[in-house]
Amino acid sequence: MSMAASPSVGGAVSPPPAEPEIPKRRNAEAVLLAGAWTVGMFAYANVGLASSAAKLPANYWTVGVLFAAVLLVAHLAVRWLAPYADPLLLPLAAMINGLGLVLISRLDPYNIANKLAPKAGAAGQQAIFTVLGVAVLVAVLFFLRDHKILQRYAYISALAGLILIALPAVLPASMSEVNGARSWIKFAGLSIQPAEFGKLLMVSFFAAYLHTKRDTLALASRKVLGVYIPRGRDMGPLVVCWAFAMLVLIRETDLGVSLMFFGAFVIMLYLATERASWLIFGVVMFIGGAALVAMTFSHVQARFDSWLNPFGSVTGNSRQTAQSLYAFANGGLFGTGLNQGYPTLVGFANNADYIMDTVGEELGLIGLAALLISYALFVARGLKTALLVRDPFGKLFASGLAVTFALQVFITAGGVMRVIPLTGLPMPFLAAGGSALLANWILVALLLRISDAARRPLPPALPLTAPPSLLDPRSPGRTDDGGRYYGQDKAVRT
Amino acid sequence: MTGLTITVMKLGLLAILWVFVLLALGVVRTDVFGAGTRSGRGRSAAKAAPAPPAQSAASGARPRRGGVPTRLEVVSGSLAGTSVPLTGVQITLGRAHDSTIVLDDDFASSRHARIYPDASGQWIVEDLGSTNGTYLDRTKINGPTPVPLGVPVRIGKTALELKK
C-alpha cells in the first residue's frame, strides 16, 4: 500500500498547500477569563465598600487568589485536554458564576439573620461547589475523550435520567419537599436537585434516540392543510414524554422541570426532523395539559393566580411576585448600586429563584442586559458548536444542551419578570444551589468536549489505494452496508 | 464612604461588565472575519496560478469562474451546515466511521465517493463503486469528474458544494 494520500489519476502531484492554521484561541480565552475575574472582584469590592462597614470584605484577597487559582486550573485543563475548544464557553460561565457568588454573599447577612441560609452563609457553600464544579469539569474532560462514547449508553442514560427526575415524586414529602416544590432529595443534611443531573442524561438519550429515528419521524407523515401529520405510532415517544412531564408537574408541583424536560424534547425533535408540525403538537399538548392541571390541582392553581394577578394579594400568595416586580421598577436604568437596594424584601429564595431581582434592582436594566447577553452568547456558542461538529449525534447533543440551557434561563427569568408563571428552577450558574452548579459545570465540560471535536483540524485521510474488496460493491468483504440495496429510481431523491 | 464614591463604583461595575461582554463579542467577530481573511488569501493565490480549463462532463452544470474553493460544505441533508476546509488532501465521503465526512444517509454506501485535488489543483469527485451512485448536479458520474465551484455533488439525500 502506498503511503501517499495522493489521487491515483493525474500522475505527479504538486505538494499540497500548507495546512491553514486553525486558531485555537486559547489566549483569547485567557484574556476573557482575566476579564471574568475582574468583574467578580470589582463587584465584591463594591459590595464591601457600599456596606455599613464601608471597607473591603475581610477575606477579599484570599477569595481573589482562590478565584484566580480556580480559573487558572480550568484554563490549563482546557489547554491540555481540549485545545481547540470554543474560547467563550468557559469565561462566560466563570463570569456568571463569580457574579452569582458576589450576589449571594451580598444577600447573606439578611438571610443568616432570618435563618434563610446556614449560619456560615450560603456564599461559602456556593464557593465550595464552584471549586468542586471546576474539578468535575477537569475530570469530565480527562475521562471523556470522545463525546460519541455517550451514544453507546443511550438507554442506560434514559433509565438513569428518568429515575433521577422521578425520584423526588415517589419519596415521602419529608425527604423531598422544599418550599412547596417536591423536586429535591434531602439526605444526611445535603439537599440535591436530581433533575439537574437528569436533564443532562435525558438530552444525551434524546440525541442518540433521534439520531436513529429521525428519518422515520420525518418522512412517514401525511400532509393535511400544509401541515405534516405524523403517524399515530410515531407520536408514541412524544406522548410518553408528555405524560411523564405531566406526572412531574402534578406530583412534584414543578412546572419548571416539566417544561424544561418536555420543551427540550420537542425542540430536539424539531431539529432532528425539520418538521414544524412537531412544535405545533408539542406546544398545544403542553399548554392544554398545563391548563388542565392548573384547573384541577390547587397548588399549581396558586402559581397561575399569582402570575395572572400579582397585586391581588400583595401580602399573601402573590407577595413574592409583586415584590419582584417592585424590585425591577426600583432598579430603573442604572440600578441602585450593589448593597443599595432592597432585594431581600422578596423573602425566602431571594438568592435562588429570585436572584434576578438583585441584578435587576442593583445593577439596573443595563447590568441585566449585560447578564442576559452573556447567557445568550453562551447559548449561541453551543449552537455554533452544533453547526460545526461533523457527526450527527454530536450535532443533536450540542444543540440539545444549548437549548436546555436556554430554556432554563428563559423559564427562570420569565418567571421572575412575570412573562410566564414562576416555576422554581435555579438560574444557571447565578443562583445558590450546589447540585445545579455542579450539573451546569458538567454541561460546560460536555460542550467544551464537543466543540474541541468540532474545531479540531481534520486527521489526514486514509489513502484509498486500497484493497479492492473495500471498493467493490459486489465483493463479500463489504458487509457493513447493512444490506440496504434500493432500486435506482427509488433511491435517488434529488 | 461618600455617595459619590458609591456612584462611581456602581457605574464602574456596569462599565466593566459591558467591557467584558464587548470583549466576548470581539472574539465572536474575529471568528467570523478570520475565515473571511483566509478566503481572501485564497483568491489572490488563484490569480497567481490560473485555474485549469474546466473539462466539465456534467450537462447543465455551469462552472462559475474566478475563484478557488476553500471549503466543501454540506448544503442539504441531515448534515447541512457542516463544512470541511480544503487543504490539499482528499476528502472521503461515506457511512464508514473513518470517512472525512461521515454521511448519516440511508442511501449512501460505506465508502461512497471521494473528492481530491488533481495535479493542477482542480478538485475531482470519484465514485468508489457505490450502490446508488454519485451525481454531479443531475448527472450521474462515471469515473473521475472535475467539480466546478458551486455545483452540488449529490449522494443520496445529501448534497455538497465547493465554496469559496
Side-chain angles (χ1 to χ4, degrees), chain A residues 5 7 9-14 16-17 19-20 23 25 28 31-32 35-36 38-39 42-43 46 49-50 54 87-88 91-92 95 214-215 334-335 337-338 340 363 366-367 370 373-374 377 387 390-392 458 460-462 464 470-473 478 480-481 484-486 488 491-494, chain B residues 1 5-7 9-14 16-21 23-25 27-28 30-31 34 38 78-79 81-82 84-85 87-92 95-96 98 100-102 104 106-107 109-111 114 116-121 124 128-133 135 138 144 154 156-157 159:
Chain A
V9 291
V13 183
S14 62
E19 185 119 335
R25 308 308 307 271
V31 169
L32 282 174
T38 316
V39 170
F42 193 90
N46 190 350
L49 293 173
L88 280 179
L92 288 170
M95 192 280 280
R214 65 197 303 169
D215 279 349
F334 289 94
L338 281 173
Q340 304 287 300
L363 301 179
I366 292 176
I373 289 176
S374 303
L377 268 176
L387 269 183
R390 287 184 293 270
D391 69 290
L458 296 172
L462 292 176
L464 268 182
L470 278 178
L471 301 181
D472 179 7
R478 224 175 65 125
D480 53 350
D481 231 9
R484 284 175 221 265
Y485 289 98
Y486 296 87
Q488 195 62 257
V492 182
R493 309 153 172 269
T494 50
Chain B
M1 217 24 77
T5 326
I6 301 289
T7 310
M9 287 218 74
K10 176 181 102 177
L11 296 179
L13 178 59
L14 292 181
I16 290 182
L17 205 54
W18 272 98
V19 166
F20 175 82
V21 169
L23 273 177
L25 286 171
V27 172
V28 176
T30 42
D31 253 22
R38 268 207 298 282
S78 58
L79 281 175
T82 302
V84 169
T87 55
V89 294
Q90 72 169 355
I91 292 169
T92 57
R95 293 189 13 229
D98 55 355
T100 318
I101 297 182
V102 181
D104 174 38
D106 283 347
F107 301 122
S109 297
S110 294
R111 287 165 213 288
R114 61 177 180 147
Y116 58 88
D118 71 4
S120 60
I124 308 284
L128 299 172
S130 65
T131 309
N132 284 318
Y135 288 70
R138 304 273 163 183
R154 296 182 201 273
K157 289 178 289 174

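Here is how names work: the chains are called A, B, and so on, in the same order as the sequence lines, proteins then strands, and each is numbered from 1. These figures come from a predicted structure and were not determined experimentally.
- Here the closest heavy-atom approach between residue B:Val27 and residue A:Arg25 is recorded as O-NH1, 3.8 Å.
- The contact between A:Ile373 and chain B is made entirely by side chain atoms (from C-beta outward), counting heavy-atom distances below 4.5 Å.
- Proximity to chain B (any heavy atom under 4.5 Å) is restricted, for A:Leu88, to the side chain, taken from C-beta onward.
- For the residue pair B:Val21 and A:Ser374, the shortest heavy atom distance occurs at CG2-OG, 3.8 Å.
- The OG1 atom of B:Thr5 sits 8.5 Å away from atom CG of A:Leu49, with the distance rounded to the nearest 0.5 Å.
- For the atom pair CZ of A:Arg390 and OG1 of B:Thr100, the computed distance is 8.5 Å after rounding to the nearest 0.5 Å.
- Between A:Ile366 and B:Trp18, the closest side-chain pair of non-hydrogen atoms falls below 4.5 Å.
- Using a 4.5 Å cut-off between heavy atoms, B:Val19 does not touch chain A at all.
- Proximity to chain A (any heavy atom under 4.5 Å) is restricted, for B:Leu14, to the side chain, taken from C-beta onward.
- The contact between A:Leu32 and chain B is made by backbone and side chain atoms together, counting heavy-atom distances below 4.5 Å.
- Within a 6.0 Å sphere centred on CZ of A:Phe334, heavy atoms belonging to other residues, nucleotides or ligands number 12 at most.
- One distance of note links OG1 of B:Thr7 with CD of A:Gln340; it measures 8.0 Å at 0.5 Å rounding.
- Among A:Asp391, A:Leu338, A:Val31, A:Leu377, the residue with the largest count of heavy-atom pairs under 4.5 Å with chain B is A:Leu377.
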